Amino acid sequence: MHRVARIDGDGIGPEIIDAGVTVLDAAGERFNFDIDWVNFDIGSERYLRTGELLTEEDITGLETCDSIYFGALGDDRVKPGIIEKGILLALRFHFDQYINLRPIKLLDGVTTPLANKKPEDIDFLVVRENTEDFYVGIGSRFTGSEKTSLEVIRNLYSIKFGIDVESDATEVAYQIGLITREGAERVINYAFDRAQERDKSCTSVDKANVLSDIYGLWREVFTSVAGRYPDVKTDFTFVDAVTMWFVKNPEWFDVVVTPNMFGDIITDLGAMIQGGLGLAPGGNINPDGISMFEPIHGSAPKYKGMNIANPLATIWAGALLLENIGEKEAADAVLKGIESSILAGHVTKDMGGSQSTSSVGDWIAKQIRTGA
Ligand code: IPM
Ligand code: MN
């Protein structure tokens, strides 16, 4: 028995998680395990009702689970940032889910916008660091008082140049990016482990030429970890360049490891080359703790309740969840089910089909149950 939390969240969240749960339960039936689903009412609705983002009760409840299945967050009635930071990022940080695993894989039958690229050309993993970098939330913004702004600017300049600088700035803001040797090392280790099981190639994506303190440390750690994996081929790419290579030569990549913010950006690009956000899953992983699996797309409030959203990213995230809790065979069957729904054209409108969210879930569940 696996105890799995479900956080449906906002917008299309409940519908896509319903479809995912149907599929994962079917996988359990076929491979002889049960999932005990535990519902958590976390999201914008509750926030609007009670002002609560994540309560202590939520956290203690989640801590009793083996894994978390997460829908989507975001609601037009809440100012951007509040829910994302107060719930999604708070969960990633609380459970120290330091790996954000995002497979970029073009499935058979899916159309990629890249001309002449086939499934064998687009098949890599992005391992995004998930708890450091510019996501640590250390920053400040000074408005109004010119005196305060000026003092901050002076302090920052004197840290940088050791001189007192006059400035005309009336407002100032800064944000700190933070990388620790330990934080970089654990995620880079994970990336090399994955590379070793795959095609034995690992690429660091950074910007060490300009942001040389923060990503200089990142590169140094990457190099020292690489020393322990002599059979893995390594490479460095700057983040601006990698956006070209993902488009021009995606076949070059096997495992890509990158700090948090660059990982956020390049995985949206990755999602597009594998057929769109409707097909992009992600896992927030703590190998020694509780991990959380989600589609990387948002809550699409305008489609809420219409039963038309594409559930495949969520179902694929469910496959990552199953793999994470030790049900590898079931995970493979789920991915195979996704592939057959695509090949059969049993997909939602965004993928050229005419099926509803629930009917895609039901169809894949049936395939899995019958071992097709
Ligand atoms: C993602 C999202 C989040 C992120 C937002 C919603 C906080 O864009 O999971 O990629 O920036 O990590
Ligand atoms: Mn993102």
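It should be emphasised that the depicted structure is a prediction, and the values quoted were computed from it without experimental measurement. Below, all heavy atoms of this structure are taken into account, side chains as well, without hydrogens, waters or symmetry copies. Numbers here are sequence positions counted from 1. Each ligand, and each atom within it, is numbered from 1 in the order the structure gives.
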Discussion item. Would you say that Phe253 contacts Ser201 through its side chain, given a criterion of any heavy-atom pair below 4.5 Å between the two side chains?
Written reply: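 When only atoms from C-beta onward are counted, Ser201 and Phe253 do not touch, as no gap falls below 4.5 Å.
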Could you tell me the residue and atom name of the protein heavy atom closest to [atom], and the distance to it rounded to 0.1 Å?
| atom | result |
| --- | --- |
| atom 11 (O) of ligand 1 | Tyr135 OH, 2.6 Å |
| atom 1 (C) of ligand 1 | Arg102 NH2, 3.4 Å |
| atom 7 (C) of ligand 1 | Glu84 CB, 3.8 Å |

Practice prompt. Could you see which bit of Met261 sits under 4.0 Å from ligand 1, with heavy atoms only: side chain, backbone, both or neither?
Written response: neither
Practice prompt. Check His297 against ligand 1 and report side chain, backbone, both or neither, counting heavy atoms closer than 4.0 Å.
Written response: neither
Worksheet item: Taking atom types as modelled, is there a side-chain donor on Thr237 or Trp245 under 3.5 Å from an acceptor on the other?
Response: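 Their side chains do not contain a donor-acceptor pair, so the 3.5 Å distance test is not met.
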Worksheet item: Between Asn260 and Asp133, is any side-chain donor less than 3.5 angstrom from a side-chain acceptor?
Response: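 Side-chain D/A pair, Asn260 to Asp133: absent.
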Discussion item. Whether the side chain of Asn284 engages the backbone of Met292 through a donor-acceptor N/O pair (distance < 3.5 Å, no angle test) should be reported.
Written reply: yes
Practice prompt. Just do the ring pair (Phe, Tyr, Trp, His ring centres under 6.0 Å) check on Phe192 and Tyr229 with the steps written out, would you?
Written response: CA-CA 7 Å; Phe192 273 87; Tyr229 295 82; 5.1 Å; yes
For [X], is at least one N or O under 3.5 Å away from an N or O on ligand 1?
| X | answer |
| --- | --- |
| Glu294 | no |
| Asp264 | yes |
| Asn100 | no |

Item to complete: Nearest 0.5 Å please: distance from the CZ atom of Arg128 over to the CZ atom of Phe262.
Response: 12.0 Å
Practice prompt. Provide the number and element of each atom of ligand 1 under 4.0 Å from a heavy atom of Arg92.
Written response: 1 (C), 4 (C), 9 (O), 12 (O)
Practice prompt. Would you mind naming the N, O or S atom of Asp264 nearest to the Mn ion (ligand 2)?
Written response: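 Of all N, O or S atoms belonging to Asp264, OD1 is the one nearest the Mn ion (ligand 2).
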Discussion item. Applying the salt bridge (charged side-chain N to carboxylate O under 4.0 Å, His left out) criterion to Asp254, which one of Arg198, Arg194, Lys200 satisfies it?
Written reply: Arg198
